[in-house]
Amino acid sequence: MPEPVFALIDCNSFYASCERVFRPDLARTPIVVLSNNDGCVIARSAEAKAWVKMGAPFHEVRPLLKRHGIVAFSSNYALYGDMSERVMSVLEARLPSVEVYSIDEAFAELTGLPEPLENIARQLRAEVLQKTGIPVGIGIAPTKTLAKLANHAAKRWQQQTGGVVDLRDPERRNKLLRMTPVGDIWGIGSRLSAQLKALDINTAWELTQADVWTLRKRFNVVMEKTVRELRGTPCMSLEQVIEPKQEICCSRSFGQRLRELTPITDAVTAFASRAAEKLRQQGSLCRQVRVSLRTGMFNPSEAKYANGILCQLPYPTDDSRLIIKAALLGLEQVYREGFSYAKAQVLLSDLCRHTDYTPDLFSQAPINQGQQLMSTLDAINQRWGRGTLQPARLAKTADWAMRQKLLSPAYTTRWQSTLVANAK
DNA sequence: TCTGGGGTCCTAGGACCC
DNA sequence: TCTGGGGTCCTAGGACCC
């Protein structure tokens with residue numbers, strides 16, 4: 001058996017790069033992309049990174065953006081999702097096994113491909129750029145955790161490396177491990193990093209030198225796997241099968257604070273409806289609906305309140321109407337007068353596969369009732385764009401709708417092409 | 001007099017990721 | 001005025017059973 005080789009392919013400043021593909025005039029202009037509601041900065045082009053921190057509240061950095069000529073965009077997930085599919089198709093066409101890990105990252109196994117792998121990676125990089133306009137970095141290593149690290153290095157020393165780093169050479173690996181802070185490792189967040197520092201483990205290399213069993217006892221198996229992977233022993237494999245999600249969530253901050261129950265009811269109806277749609281998309285049923293509601297958490301002068309409630313459904317279902325009904329019953333119990341609410345969430349849990357569920361003889365589950373209606377609804381919404389058909393109770397213009405003042409056009413979607421066609 | 005112990009299931013909460 | 005959204009895995013501890 002040949003030693004396994006993993007690659008991590010990661011798009012550079014993905015959301016910012018997507019915006020730039022359709023705005024070549026901004027090729028050298030620093031760009032940031034904002035979270036929903038234009039709340040905070042969630043992506044920065046390379047030039048913007050020097051000036052703006054990740055997660056910085058937009059309203060705080062606004063003057064700074066202006067001062068440095070940084071252009072801001074509201075997030076446009078329809079666009080990013082579409083660009084992501086294009087990038088992944090190129091990878092899947094070229095590589096034998098690909099695991100799409102997130103919207104902008106994929107792992108791949110390069111085991112057995114002809115050397116030098118670095119050349120394959122460089123060609124791949126060029127092809128993705130040429131076909132999609134998106135620049136990527138590629139890390140190569142014997143484990144996923146090390147491939148992540150290699151990818152970091154490829155981005156950090158883009159000029160010197162040409163965006164590709166192969167960490168299979170132990171000497172090169174140790175050199176990099178010694179200069180990597182422990183908190184930069186995949187799987188070590190801020191909490192664990194602080195705890196490790198308290199044990200005088202500051203760099204990735206020091207972590208590889210620590211005793212695995214002690215670490216396992218002090219932390220958990222995840223930590224153990226991380227350490228073993230850093231030492232070069234693969235503990236994680238490529239996962240190509242997409243498992244159905246175990247929870248489905250739809251949550252948004254409102255565009256403005258809401259005090260009255262009515263507009264919040266509208267929002268929760270919309271969130272429940274969207275969550276039910278996702279549920280049907282993956283062919284699952286749910287038994288539980290959790291609704292939660294909260295006020296703003298940052299402003300000290302605002303009265304704070306946060307509460308959630310779990311509603312059991314009488315039988316597993318994917319029917320929007322039942323899910324909305326349960327969510328609204330929950331909302332009534334959670335809502336208190338006198339607060340300014342900032343955000344609501346609908347979470348579907350205790351899921352099972354549609355095909356696995358057979359209602360027993362005496363259950364109250366109606367067989368197939370509403371299924372026809374739901375699939376028609378989904379078909380229309382897929383054909384004409386999300387929200388074409390909605391629950392009747394939803395108002396046309398919503399008080400809760402997001403603020404997205406800086407949204408780019410939907411360059412790539414069918415809905416947009418229809419609009420353009422009509423305009424002609 | 002004496003008040004077990006082991007296994008399993010479930011849930012909440014903590015930590016992480018992008 | 002204004003601070004995202006959507007997930008996963010692991011563990012501890014309680015409930016329950018025998």
Side-chain angles (χ1 to χ4, degrees), chain A residues 8 10-15 32-43 52-63 65 72-77 80-81 84 99-107 144-145 148 151-152 182-196 216-226 235-236 239 242-258 271 274-275 278-279 282 287-288 290 292 294-302 304 308 310 312 340 342-351 402-406:
Chain A
L8 178 68
D10 184 322
C11 302
N12 299 348
S13 314
F14 183 56
Y15 297 170
V32 297
V33 177
L34 307 173
S35 64
N36 274 339
N37 254 328
D38 295 345
C40 55
V41 174
I42 54 167
V52 195
K53 266 207 212 137
M54 193 69 168
F58 179 45
H59 68 95
E60 279 177 20
V61 296
R62 218 170 178 158
L65 298 184
F73 287 90
S74 300
S75 38
N76 185 344
Y77 287 101
Y80 312 147
S84 173
E99 170 191 340
V100 176
Y101 176 69
S102 75
I103 194 164
D104 70 336
E105 276 175 71
F107 284 102
K144 280 183 160 184
T145 306
K148 270 271 189 188
N151 183 280
H152 267 284
V182 81
D184 285 4
I185 298 164
W186 187 42
I188 312 285
S190 58
R191 303 295 178 97
L192 287 178
S193 161
Q195 292 177 49
L196 287 170
R216 179 178 177 146
K217 265 187 286 175
R218 172 78 172 70
F219 300 94
N220 57 27
V221 294
V222 181
M223 176 68 82
E224 183 190 356
K225 282 186 185 177
T226 299
C235 301
M236 290 181 259
E239 286 168 32
I242 300 164
E243 292 295 325
K245 306 232 180 287
Q246 298 168 31
E247 296 180 332
I248 286 173
C249 168
C250 180
S251 108
R252 292 275 177 309
S253 300
F254 310 133
Q256 53 184 315
R257 296 286 191 264
L258 301 176
F271 300 172
R274 174 69 189 125
K278 292 189 200 172
L279 183 70
Q282 69 163 26
R287 297 187 183 85
Q288 293 182 336
R290 184 182 183 84
S292 32
R294 68 165 172 79
T295 59
M297 304 303 273
F298 297 98
N299 187 343
S301 65
E302 265 179 279
K304 286 180 190 48
L310 191 62
Q312 294 285 341
S340 293
K343 181 175 181 175
Q345 179 184 68
V346 173
L347 178 75
L348 310 183
S349 55
D350 200 356
L351 309 189
M402 291 188 287
R403 283 188 310 265
Q404 293 191 304
K405 291 197 176 147
L406 307 165

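Per chain, numbering begins at 1; letters A, B, ... match sequence-line order.
- Note on A/I103: nothing from the nucleic acid sits closer than 4.0 angstrom, heavy atoms only.
- For B/dC18, one of the phosphate oxygens OP1 or OP2 lies less than 4.0 angstrom from a side-chain nitrogen or oxygen of A/K148.
- One finds a side-chain N or O of A/R257 lying less than 4.0 angstrom from the OP1 or OP2 phosphate oxygen of C/dC2.
- A sub-4.0 Å separation between OP1 or OP2 of B/dA15 and a side-chain N or O of A/S190 is absent.
- A/S74 places a side-chain N or O within donor-acceptor distance of the main-chain N or O of A/L406, the cut-off being under 3.5 Å.
- Residue contacts shown for A/L310 are absent, as no nucleic acid heavy atom lies under 4.0 Å away.
- For the pair A/K225 and C/dC9, the criterion of a side-chain N or O lying under 4.0 Å from OP1 or OP2 is not met.
- As judged by a 4.0 angstrom heavy-atom cut-off over every strand, A/L34 is placed among residues making no nucleic acid contact.
- Rounded to an integer number of Å, the gap from A/F14 CZ to B/dC18 C1' is 12 Å.
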Pair A/Q288-A/S349, side-chain hydrogen bond (donor to acceptor under 3.5 Å, both in side chains): steps then yes or no: CA-CA 5 Å; A/Q288 293 182 336; A/S349 55; 3.0 Å; yes
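- Crowding of A/K217 atom NZ: a count of heavy atoms from other residues, nucleotides or ligands under 6.0 Å not exceeding 12.
- The same atom, P, is picked in B/dT3 and in C/dC17; the two are 24 Å apart, to the nearest Å.
- In this structure, A/N37 and A/V221 both approach DNA chain C, and ranking their closest nucleotides by distance from the 5' end singles out A/N37.
- Across all strands shown, A/Q256 has no heavy atoms under 4.0 Å from either base or sugar-phosphate atoms.
- If you take CG of A/D184 and P of B/dC17, they are 10 Å apart, rounded to a whole angstrom.
- The phosphate of C/dC2 (OP1 or OP2) has a side-chain N or O of A/N299 nearer than 4.0 angstrom.
- A/N37 places a side-chain N or O within 3.5 Å of a backbone atom of A/S253 that can act as its donor or acceptor partner.
- In this structure, A/F298 reaches the bases: a heavy-atom distance under 4.0 Å links it to at least one base atom across the strands shown.
- Between A/S102 and B/dC17 there is no side-chain polar atom (N or O) within less than 4.0 angstrom of OP1 or OP2.
- Counting only distance, with no hydrogens or angles, the side chain of A/D10 and the backbone of A/A106 share no donor-acceptor pair below 3.5 Å.
- Consecutive Watson-Crick or G-U pairing (both distances under 3.5 Å) extending over three or more pairs maps onto DNA chain C as B:5-18 with C:5-18.
- The pair A/K144-A/E99 meets the salt-bridge criterion, since a charged nitrogen lies less than 4.0 angstrom from a carboxylate oxygen.
- Between the side chain of A/S84 and the backbone N or O of A/Y80, no donor-acceptor pair lies under 3.5 Å.
- Remark: A/R290 is not in phosphate contact with B/dT11, judged by side-chain N or O atoms under 4.0 Å from OP1 or OP2.
- When heavy atoms are screened at a 4.0 angstrom cut-off, A/N36 is found touching the sugar-phosphate backbone but no base atom.
- In this model, the phosphate group of C/dG6 is not approached by any side-chain N or O of A/Q345 to a distance below 4.0 Å at OP1 or OP2.
- Nucleic acid contact for A/K53: none, since no nucleic acid atom lies under 4.0 Å from a heavy atom of the residue.
- For A/K343 and C/dC2, the shortest distance from a side-chain N or O to OP1 or OP2 is not below 4.0 Å.
- The residue A/R252 sits close only to the backbone: its heavy atoms come under 4.0 Å of sugar-phosphate atoms, none of a base.
- The number of heavy atoms from other shown groups lying within 6.0 Å of CZ (A/R62) does not exceed 12.
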